[in-house]
Amino acid sequence: MAYNFKEIEKKWQDKWDKEGTFNASNDFTNSKKWYGLIEFPYPSGQGLHVGHPRSYTALDIIARKRRMQGYNVLFPIGFDAFGLPAENYAIKTNVHPKITTEKNIKHFTDQLKSIGFSFDWSRVINTTDPEYYKWTQWIFIQLYKHGLAYKATMPINFCTGCKVGLANEEVVNGVCERCGSPVVQKEKSEWMLKITKYAQRLLDDLDDVDYLEKIKVQQRNWIGRSEGAEVKFKIANSDEELLVYTTRPDTLFGATYMVVAPEHKLIEKLANRITNLDEVKEYQNKAALKSDFERGEMNKDKTGVEIKGIKAVNPLTNEEIPIWVADYVLSSYGTGAIMAVPAHDTRDFDFATKFNLPIVQVVAPTDNSNVELPFTDVETGVSINSGFLTGLSVKDAKQKVIEYLEEKKIGEKKVNYKLRDWVFSRQRYWGEPIPMVYCEDCGWVPLDEKDLPLTLPDVKDFLPGENGESPLARHTEWINTTCPHCGKPAKRETDTMPQWAGSSWYYLRYMDPHNHEALASKEALEYWSPVDWYNGGMEHTTLHLLYSRFWHKFLYDIGVVPTKEPYAKRTSHGMILGSNGEKMSKSKGNVINPDDIVNEFGADTFRVYEMFMGPFDQPASWSMDSIRGCFKFLDRVWHLQDILVDGDTYSKECEKMMNKAIKKISNDIEDMKFNTSISTFMTMVNEFVRLKRINKAEFKTFLTLLNPFAPHITEELNEIIGADKPISSYEWPVYDEAKTIDEEIEIPVQVNGKLKCTITIALNEDDDSVKEKVHKAIDDKLDGKVIKKEIYVKNKIYNVVVK
RNA sequence: GCAGGUGUGGCGGAAUUGGCAGACGCACAGGACUCAAAAUCCUGCGAAGUAACAUUCGUGUGGGUUCGACCCCCACCACCUGCACCA
């Protein structure tokens, strides 16, 4: 009988669908729960990408294993359906995003089901469903009420293509992450979320979660904590002060000039004393026209203008030093002004060299040798030419100078973060409306919670406004409302939320997706929290992961969720590349469509191949040849039924292999080493074929182990061999450690570290007996050389050193 | 520039973490089956070398530690991924 995967897969998928086989239990008395989460897809018009199933299959394997281990498993799926592509498509074709989204979700659902994932389809969520975004809006209102959402006019990244404000995270190399158009700076009034208030906790609590180390590193870098000091510099002959932030207060004696960012307020304040105001203004204007990217481009010559007419006073040396304006100082970090220490900072050094500014060395290596400047080593440095700091190590000097500054009230210890507040407004239609109303008398007022959801009005015209206004801004009948506070006429916010909003809390909704009273019930949250294992792409480590941790911590603070962290464990999969090793894209013509693969080889082969491709966390190139090998493997598995013999226990010749395999595969799955699990399966099949027999007990265990990887074929074979219940209801096989150990082993014998031969010994054979065997084997190969030393590592290796 | 990662046959990759390098798969070659092809099955497959053994070389490069190194240490090269004038 041939392996008819089409028939088999359809049969089991229909059965699972009809019976809801994999729905998580709502019985919370079962204390053993496991919550596995994959990043829910954006239902794009292109359909499922072959990259999605890599992550989904991996967690599906773990979820299926957990069920067999007796856990109540929650393994949900949903759709992150707000976003630009549907809206851009609507602009082009005038098809409402709601229709496109619905169609795409249908398509995705069919595709996902055709691969046999054990998702709980009774819990599907969709971020564009008013019943869902009602709670997204509710969270926003809570943020607002707790002072974490505020409106600010600030320069934002404005995409000239999408005509929309972008978060810093969405700007890549000066262009829009989505459409590739240039991004310029624009002043706009935007809703902001105060993620910076949580910076320290987002950093600290990384110690309590099990994330891949590289994910933690990226989060830490993104938060970018640094310790230093703020120092006040007096402006000579004035009451004004210039506040700077520095991580090297120990180098204060070497500060030979100051630099302020072009946007710094000092220039305005002291405008009447500046003798070259025109020149300074011209520089400011030029800087304003440059994008952040242009300003930040490396290896570019530093530019700047001295602000003449005013001087700053170094608080330690009392020397008057010049003040410059230069765009290498950013207004958005620290205080927007720096003290420049050219001898010990490469940027200041470049600038000082270009403009002939004095360079004073104040730190030297411990041995006081001459070094090339700038000398930036903080580990070995010792203060010199620094008054009361001279002779101290960098660390001690920092400590001492901060004490001094604090005592004299001219400065204080200060921690800074690179993390910025989250720009939360989007001038777009296809997003959650921000549930805020502006009243002339009351200012910004949140909607009453009982009036949620604030639904997105149906519009016919999706073009953004000329000035980057939201398409909703043209909808006067929707905009005009009454103030929830005083009842007077008022206007709605027309901006919508970014795509990150809905995905910042979706894992909570899965716990109780049909709840009308709350985002999820207390019981469900208590029972299912936290997510036990979350797998997703590295591209989401700095944005989505950080945002959702922030929202979660906030919800924890206001008593909504029971845990500090949303995800106990986070892993990450490597990207699937085209067969040419490049990222799959339509323009490169190297896109593989999952439907074609499922059609030609079947879902089981597709799953096995994606797991066999290579190490899970590393990128892998698609190979049509390799996938045939996986099909061949399953075909061999199918034909094992032809050599099936009776037997209720493992046969003598296979007992060891079976026990070893259970151990290896069980461990491999936990370590996400799926590729070596599959090698183990292949080795087993080769052995059964070589022996021309497999007994029932062996086959049953084999099928159970393979079931999470290839669920359809294994269920079918299980039925064929007369099982009375499906594998998904079996217990995960256990092994007997004693039966994984060989009592007779082969060990290598080396002479001077080079392999000469191998000998067979009993496990734990006594050393003298082993020695005797070794000498019998190699004594005639020594060419009369003298044995100097013999090393025997028990049961491992025997090495003879000769001369 | 900083941080992290990777480098092993023709290719994808294994290696119990310091102990027989190349498991498993692909490709390739030979054979069986077939009128023939495909599929399937069997055998071989790092390089040099030999009739065949033997032997030598071999995990990006150069050095080191060790009885023994893909694995540890030092220096370097190449590629990938983040971040990037963050004071």
Open item on the list: Please verify the inter-ring angle class for A:W324 with A:F355; under 30° counts as parallel, over 60° as perpendicular, anything in between as tilted.
Closed with: tilted
Task: Residue A:R636, side-chain atoms from C-beta onward, closest of B:A14, B:A87, B:C42 - done: B:C42
Open item on the list: Please report the distance separating the P of B:C42 from the corresponding atom of B:U55, rounded so that it comes out in whole Å.
Closed with: 31 Å
- [ ] Take atom CD1 of A:I323 and atom C1' of B:A87, then tell me their distance rounded to the nearest Å.
- [x] 17 Å
- [ ] Give one of base, sugar-phosphate or nothing for A:V217, where a contact means two heavy atoms less than 4.0 Å apart.
- [x] sugar-phosphate
Open item on the list: Pairing check on B:U16: which nucleotide meets the Watson-Crick or G-U wobble criteria with it, both distances under 3.5 Å?
Closed with: none
Open item on the list: Nearest whole Å is fine: how far is B:A84 P from A:I223 CD1?
Closed with: 14 Å
Open item on the list: Taking atom types as they are modelled, would you say the side chain of A:K788 forms a donor-acceptor pair with the base of B:C67 within the 3.5 Å cutoff?
Closed with: no
- [ ] Could you tell me which nucleotide pairs with B:A47 by Watson-Crick or G-U wobble geometry, both distances under 3.5 Å, or answer none if nothing does?
- [x] B:U56
Open item on the list: Once you apply a heavy-atom cut-off of 4.0 Å, does A:E539 come out as touching a base, just sugar-phosphate, or nothing?
Closed with: nothing
Task: Span that lies between the P atom of B:C53 and that of B:C45, in whole angstrom - done: 10 Å
Open item on the list: Rounded to whole Å, please give me the gap between CG in A:N667 and P in B:A15.
Closed with: 13 Å
TODO: Run the ring-centre check on A:F631 versus A:W638 and record whether the distance is less than 6.0 Å.
DONE: no
- [ ] Determine if the base of B:G9 is syn or anti; take syn to mean the glycosidic torsion is within 90° of 0.
- [x] syn
Task: Among B:C24, B:A87, B:G19, the one nearest A:Q750 by side-chain distance - done: B:G19
TODO: Let me know the distance between CD of A:Q618 and C1' of B:C80, rounded to the nearest Å.
DONE: 10 Å
TODO: Kindly point out which of B:A87, B:A23, B:C83 is positioned nearest to the side chain of A:S679?
DONE: B:A23
Task: Whole-Å P distance, B:G12 and B:A27 - done: 15 Å
TODO: Could you tell me whether A:R225 and A:E227 have a side-chain N and a carboxylate O separated by less than 4.0 Å?
DONE: yes
Open item on the list: At 4.0 Å (heavy atoms only), tell me whether A:G334 reaches a base, stays on the sugar-phosphate, or touches nothing.
Closed with: nothing
Task: A:W324 CH2 to B:A87 P, straight-line distance once rounded to whole Å - done: 23 Å
Task: Rounded distance (Å) that lies between atom P of B:A27 and atom CD1 of A:I627 - done: 13 Å
TODO: Just call it for A:K214: base, sugar-phosphate, or nothing, with non-hydrogen atoms closer than 4.0 Å on any strand.
DONE: sugar-phosphate
- [ ] Could you please name the partner base of B:U66, counting Watson-Crick and G-U wobble pairs only when both distances are under 3.5 Å?
- [x] none
Open item on the list: If I pick the P atom on B:G5 and the same atom on B:G68, what distance separates them, to the nearest angstrom?
Closed with: 29 Å
- [ ] Let me know the distance between NZ of A:K756 and P of B:A54, rounded to the nearest Å.
- [x] 11 Å
Task: A:K673 vs B:A15: side-chain N/O to OP1/OP2 distance below 4.0 Å - done: yes
TODO: Both distances under 3.5 Å, Watson-Crick or G-U wobble: report the partner of B:U40, or none.
DONE: B:A32
TODO: Measure from the side chain of A:Y328, starting at C-beta and using heavy atoms only, and say which of B:C85, B:G19, B:C20 lies closest.
DONE: B:C85
Open item on the list: Heavy atoms only, 4.0 Å cut-off, all strands: where does A:T680 land among base, sugar-phosphate and nothing?
Closed with: nothing
TODO: Work out which heavy atom in A:A397 is nearest to a heavy atom in A:L389; give both atom names and the distance.
DONE: O-CD2, 3.8 Å
Open item on the list: Taking any heavy-atom pair under 4.0 Å as a contact, classify A:T758: base, sugar-phosphate, or nothing.
Closed with: base
Task: For B:U56, glycosidic torsion class - syn if within 90° of 0, otherwise anti - done: anti
- [ ] Look at the side chain of A:T247 and decide which nucleotide, out of B:C26, B:C20, B:A87, has an atom nearest to it.
- [x] B:A87
Open item on the list: By the 4.0 Å heavy-atom rule, please label A:Y417 as base, sugar-phosphate, or nothing.
Closed with: nothing
Open item on the list: Taking the nucleotide of RNA chain B with the nearest heavy atom to each, does A:I791 or A:T246 sit closer to the 5' end?
Closed with: A:I791
TODO: Find which nucleotide of RNA chain B each of A:M339 and A:A620 is nearest to by heavy atoms, and output the residue with the more 5' nucleotide.
DONE: A:A620
Open item on the list: Does this structure show an ion pair linking A:D635 with A:K632, if we count only N-O contacts that are shorter than 4.0 Å?
Closed with: no
Open item on the list: At 4.0 Å (heavy atoms only), tell me whether A:N675 reaches a base, stays on the sugar-phosphate, or touches nothing.
Closed with: sugar-phosphate
Open item on the list: With a 4.0 Å cutoff (strictly under), does any side-chain N or O of A:N221 reach OP1 or OP2 of B:G82?
Closed with: no
Open item on the list: So A:Q218, base contact, sugar-phosphate only, or nothing? Heavy-atom distance under 4.0 Å.
Closed with: sugar-phosphate
Task: Between B:U61 and B:U6 - C1' atom distance, rounded Å - done: 16 Å
- [ ] Tell me which nucleotide among B:C24, B:C20, B:U16 gets nearest to the side chain of A:N686.
- [x] B:C24
Open item on the list: Taking A:K773 first and then A:E765, would you say they form a salt bridge - that is, a charged N and a carboxylate O separated by under 4.0 Å?
Closed with: yes
Task: Between P of B:C20 and CG of A:N799, the distance in whole Å - done: 12 Å
- [ ] Would you kindly check whether a donor in the side chain of A:D625 faces an acceptor in the base of B:C26, or vice versa, at under 3.5 angstrom?
- [x] no
Open item on the list: More than 12 heavy atoms of other residues, nucleotides or ligands under 6.0 Å from NZ of A:K395: yes or no?
Closed with: no
- [ ] Give none if B:C2 has no partner; otherwise give the nucleotide forming a Watson-Crick or G-U wobble pair with it, both distances under 3.5 Å.
- [x] B:G82
Open item on the list: Nearest to the A:L330 side chain among B:U6, B:A87, B:C67, which nucleotide is it?
Closed with: B:A87
Task: Any donor-acceptor pair under 3.5 Å from A:H344 side chain to A:V363 backbone - done: yes
Open item on the list: Of the options B:C42, B:C24, B:C26, whose atoms approach the side-chain atoms of A:K632 most closely?
Closed with: B:C26
Open item on the list: Let's see if you can work this out: which of B:C24, B:C26, B:G13 has an atom nearest to the side-chain heavy atoms of A:M682?
Closed with: B:C24
Task: B:C35 versus B:A48 - spacing of their P atoms, nearest Å - done: 40 Å
Open item on the list: Can you check the distance between B:G4 and B:C73, where both ends of the measurement are the P atom (answer in whole Å)?
Closed with: 14 Å
Open item on the list: Of the listed nucleotides (B:C20, B:A14, B:A87), which one gets closest to any side-chain atom of A:I797?
Closed with: B:C20
Open item on the list: Does a side-chain N or O of A:Y245 approach OP1 or OP2 of B:A87 to a distance below 4.0 Å, or not?
Closed with: no
Open item on the list: Heavy atoms only, 4.0 Å cut-off, all strands: where does A:M613 land among base, sugar-phosphate and nothing?
Closed with: sugar-phosphate
- [ ] Using Watson-Crick or G-U wobble geometry with both distances below 3.5 Å, tell me the partner of B:A75, or none.
- [x] B:U61
Task: Same-atom distance (C1') from B:A75 to B:G13, integer angstrom - done: 29 Å
Open item on the list: Donor-acceptor check, side chain of A:T256 to backbone of A:P358, threshold 3.5 angstrom: yes or no?
Closed with: yes
Open item on the list: Just N and O in the side chain of A:T346: are any of them under 4.0 Å from OP1 or OP2 of B:C85?
Closed with: no
TODO: Using a strict 4.0 Å threshold on nitrogen-to-oxygen distance, state whether A:D207 and A:R220 make a salt bridge.
DONE: yes
